Every structure is written in C-alpha cells, then in structure tokens.
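A short write-up of the structure that comes next.
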Amino acid sequence: MSVSGSETDSVASRRSKKPKYSKFTQQELPACKPLLTPGIVIGAFSLIGIVFVPIGLASLSASQDIVELIDRYDAECVSANDKVGFIQDTKTDKACTRKITVPKPMKGPIHIYYQLENFYQNHRRYVKSRNDKQLRLKEAASMITNCEPEATSQDGAPIVPCGLIAWSLFNDTYSFSLNKKAVEVNKKNIAWDSDKNTKFGSDVFPSNFQKGGLIGGAKLNEKLPLSQQEDLIVWMRTAALPTFRKLYGRIETDIMASDEITVVIQNNYNTYSFGGTKALVLSTTSWIGGRNNFIGVAYVAIGGICLLLAMGFVVLYVLKPRTLGDPSYLSWNKENPYNSN
C-alpha cells in the first residue's frame, strides 16, 4: 500500500513537537513596557506628592470651615429611673426642650441629622427583613417573603411596607426656634432620587402598618404613596456601621454666632432597651460634604510619603550612582528565534 507525499507531510507535521509561533502565545503583542529608570521613579513619586498634598490641604481646610453641633439628648430627656418603662408608656409626655448656642456663623442650608449609636442596621436578618417588590409594585402588595415577624397584621392581612426595617422607623421629632422665633424645617428632597424613582412605587400606599400589639417606630400617612414618604426612604437605606447619621431635614436660613437655638424634641424612639444613644446634629456643608478630616489626612500622608521617597531616591542616586544596563539585552528587544525561519 503506497502513501502519497502530501499525506506523509501532514502526519509529520501533526507529530512535530516544535511549538507554533504566534505573538499572542509568546506575549509579544504591542504593549507599553516602560523602563523604571531612577529619573522616571523619582519623577513619578514627585508628581504624586505635588498633586496629593495640595488636595489634602484643601480638603482639610474645607472640613475645618464646616460648623457642626452635636447634642446628645437620650439621657437628659428621660426623667424616670426606669428609662425603658418611660419610653414605652404611651400616656407619658415625652417632650424635651434643649437649648444650643451657636459658636460660629452657620450659612444655610443647615442640615439636620439624627445620630444613633449601637444600632446594628447591618445585621443580616435585619437587612433581609423587607420585600423590594412589595415596595415597588402595587400588584405585589401581598408579597411578604422575608418579612417575618412583621409580615401580616393580627387578622392575617399583609403589612405594607412589611419587615423589621420599616417597622423600626425612627420616630423622634424636632421643632426649632431661633431667638424665640419659629424656624421651618424643609423635609423635601432628603432622600436619593434613585430611591424615590426606582425603589419605591408611586402607586403603593401603606396599609396595616404599625397596627399590631407592639409598635416599633413611626407611623406612615396612608394617603401618601411610598415614593413620597421620604423619612421612610432615608431609613430604609440601611447603614453599614453601628454608629450612623441620617438626614432629617434642612434649615434654609443663616444662623449668626451667639444665636440661641431652642429645640423641642419628642423623645419617642426606644434606644434604651439595647443600650443605644441618640443625638441631634446640625451641620453646614462644603464641596467635600460634611466634616470629614480623614480624606484630607489620607491625601497629605500619601503625598508626603511619596515626596520623602522621591528625596530618598535622589540622595541614594547621588551618593551611589549606578550605571544603567543596555536596553537592547531586554528579552522583548532581542530578535525572536522563531522569526529566523
């Protein structure tokens, strides 16, 4: 039986162990391969330092210009020794008056926050205790998956919105007066537009909410759709840490130094049973947001370290100079042996 020459060549080529050359397998595709010479390294560190240090100083300056007033009121606003019993008694007047003297001028809008400590909104069971479809869709009102133990009312009707997050809605209220003149609090646009437009339905209304035997927090207006219940929307965006702030509203007027702010607080929210604390926060803002020194410190620290490294490399290069190698000996600059054929 004879075998043709072409068949012999094909069999030989299949058995050949010589690798097939390609720029992809040999990692020779066009790429940027910089040489880390002392000049490039020193220049890169210097550039990072020159850019980062001014940004950090500007951030620190903006943060220091922010006026922030924090008034913790959970202990002072309870007159009884039994704090849990006091806060759970629905017949007790829980109004509390606090006076705050402004140390520096505060330019509006002045943001009002409530701050809670030792409240773990990031607990896995707590975070899951909601039904996003029910919050968004009218026809999903009966969907109460993951909402136990606040899924249905005593007569078995579905609760809207269901779940522990909505049930524990913060219900302390604040009213303000400046130098004995009432000040209006603007509570519009305190929630994210993305939450209002996509996560909470404009045709979904509360029903059977806070009508059980154990009331968790604030009640909702059953005539307003969930997309307009901004206090609820702010609360439903759970915090990652046990100490957090949430936006309550804004004061649109300017406040001068030495002005006295009188705050009447309805101390309704129960943080006493789990050892939590409550505080009222008034703060101005700047281009970096609220007061936050960490960003500025981080930029200054990184920029300073880079400048120190750049100076260290300069000193090392001057004291112990080193001759650069010939780039032609680099592997990607050598002639490829597979191209010889």
Side-chain angles (χ1 to χ4, degrees), residues 36 39-73 100-122 170 174 176 185-186 189-195 233-235 237-259 261 263 276-316:
L36 295 180
I40 292 177
V41 173
I42 293 171
F45 278 122
S46 300
L47 179 63
I48 294 173
I50 292 171
V51 172
F52 274 44
V53 170
I55 293 176
L57 294 176
S59 300
L60 282 174
S61 176
S63 180
Q64 293 301 317
D65 290 339
I66 294 171
V67 182
E68 183 178 273
L69 307 177
I70 302 176
D71 179 45
R72 178 180 170 181
Y73 62 87
I100 304 172
T101 302
V102 180
K104 297 180 181 179
M106 302 180 71
K107 187 176 181 180
I110 300 167
H111 292 71
I112 307 167
Y113 302 91
Y114 55 88
Q115 177 175 295
L116 299 181
E117 292 186 13
N118 201 35
F119 191 115
Y120 288 83
Q121 272 198 321
N122 60 349
F170 187 78
Y174 312 109
F176 296 83
V185 176
N186 181 11
N189 298 320
I190 62 174
W192 291 16
D193 289 337
S194 58
D195 288 351
I233 298 174
V234 171
W235 180 258
R237 180 168 283 276
T238 53
L241 301 175
T243 298
F244 60 86
R245 297 176 182 179
K246 291 186 181 290
L247 186 60
Y248 179 84
R250 300 181 186 88
I251 297 175
E252 303 293 347
T253 59
D254 297 342
I255 300 178
M256 299 294 105
S258 301
D259 283 352
I261 302 174
V263 189
T277 66
K278 298 185 288 186
L280 172 67
V281 180
L282 302 178
S283 176
T284 58
T285 57
S286 67
W287 59 271
I288 63 168
R291 174 172 288 182
N292 186 353
N293 292 331
F294 175 79
I295 296 176
V297 171
Y299 268 95
V300 171
I302 294 173
I305 291 172
C306 289
L307 289 176
L308 288 176
L309 289 173
M311 290 190 297
F313 282 127
V314 169
V315 173
L316 184 63

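Worth saying up front: this structure is predicted, and the values here are computed from it rather than measured.
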Given 3.5 Å as the limit, does a donor-acceptor pair link the side chain of [X] with the main chain of [Y], or not?
| X | Y | answer |
| --- | --- | --- |
| S59 | I55 | yes |
| D254 | K107 | no |
| T284 | V67 | yes |
| R245 | L280 | no |

**OP:** Verify side-chain hydrogen bond (donor to acceptor under 3.5 Å, both in side chains) between N292 and S63, making sure each step is shown before the conclusion.
**Re:** CA-CA 6 Å; N292 186 353; S63 180; over 6 Å; no

Looking at [atom1] of [X] and [atom2] of [Y], how far apart are the two atoms once the value is rounded to the nearest 0.5 Å?
| X | Y | atom1 | atom2 | result |
| --- | --- | --- | --- | --- |
| I110 | S283 | CD1 | OG | 9.5 Å |
| E252 | N186 | CD | CG | 5.0 Å |
| N122 | F244 | CG | CZ | 9.5 Å |
| L307 | I302 | CG | CD1 | 12.0 Å |
| M106 | I66 | CE | CD1 | 10.5 Å |
| I233 | W192 | CD1 | CH2 | 12.5 Å |

Original post:
Is NZ or CZ of K246 both nearer than 6.0 Å to the six-membered ring centre of Y248 and within 45° of the ring axis?
Top reply: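 Because its charged atom misses either the 6.0 Å distance or the 45° angle limit, K246 does not stack over Y248.
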
Between [X] and [Y], which heavy-atom pair has the shortest distance, and what is it?
| X | Y | answer |
| --- | --- | --- |
| F52 | G303 | CB-CA, 3.8 Å |
| A279 | Y73 | C-CE2, 3.8 Å |
| C306 | G49 | CB-N, 4.0 Å |
| R72 | K278 | CG-O, 3.3 Å |
| G56 | Y299 | CA-CB, 3.5 Å |

**OP:** For I112 and V185, run side chain to side chain contact (heavy atoms under 4.5 Å, CB included): C-alpha distance rounded to whole Å, both residues' side-chain angles, the deciding distance at 0.1 Å, then the answer.
**Re:** CA-CA 9 Å; I112 307 167; V185 176; 3.8 Å; yes

Is there side-chain contact between [X] and [Y], with at least one heavy-atom pair below 4.5 Å?
| X | Y | answer |
| --- | --- | --- |
| N118 | T277 | no |
| T253 | P109 | no |
| L60 | N293 | yes |
| Y114 | L247 | no |

**OP:** Could you check I255 against I261 for side chain to side chain contact (heavy atoms under 4.5 Å, CB included), going step by step and ending with a plain yes or no?
**Re:** CA-CA 9 Å; I255 300 178; I261 302 174; 3.7 Å; yes

**OP:** Classify the angle between the aromatic ring planes of Y174 and F176 as parallel (below 30°), tilted (30 to 60°) or perpendicular (above 60°).
**Re:**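 Correct class here is tilted.
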
Subject >> Geometric class of the W235/F119 ring pair [parallel <30°, tilted 30-60°, perpendicular >60°] >> reply: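 It falls in the perpendicular class, over 60°.
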
Subject >> Intermediate values then yes/no, side chain to side chain contact (heavy atoms under 4.5 Å, CB included), H111 and T285 >> reply: CA-CA 8 Å; H111 292 71; T285 57; 3.5 Å; yes

Subject >> Qualifying residues under salt bridge (charged side-chain N to carboxylate O under 4.0 Å, His left out), relative to E117, sequence neighbours excluded >> reply: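 Scan of E117 (salt bridge (charged side-chain N to carboxylate O under 4.0 Å, His left out), adjacent residues dropped) gives none.
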
Original post:
What residues, two or more places apart in sequence or in another chain, satisfy salt bridge (charged side-chain N to carboxylate O under 4.0 Å, His left out) together with D195?
Top reply: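 By the salt bridge (charged side-chain N to carboxylate O under 4.0 Å, His left out) rule, D195 matches K199, R237.
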
Original post:
Which of these passes side chain to side chain contact (heavy atoms under 4.5 Å, CB included) with I70: L282, I100, V281?
Top reply: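 Single side chain to side chain contact (heavy atoms under 4.5 Å, CB included) partner of I70 among L282, I100, V281: V281.
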
Original post:
Yes or no on side chain to side chain contact (heavy atoms under 4.5 Å, CB included) for F313 and V41, after CA distance, side-chain angles and deciding distance?
Top reply: CA-CA 8 Å; F313 282 127; V41 173; 4.0 Å; yes

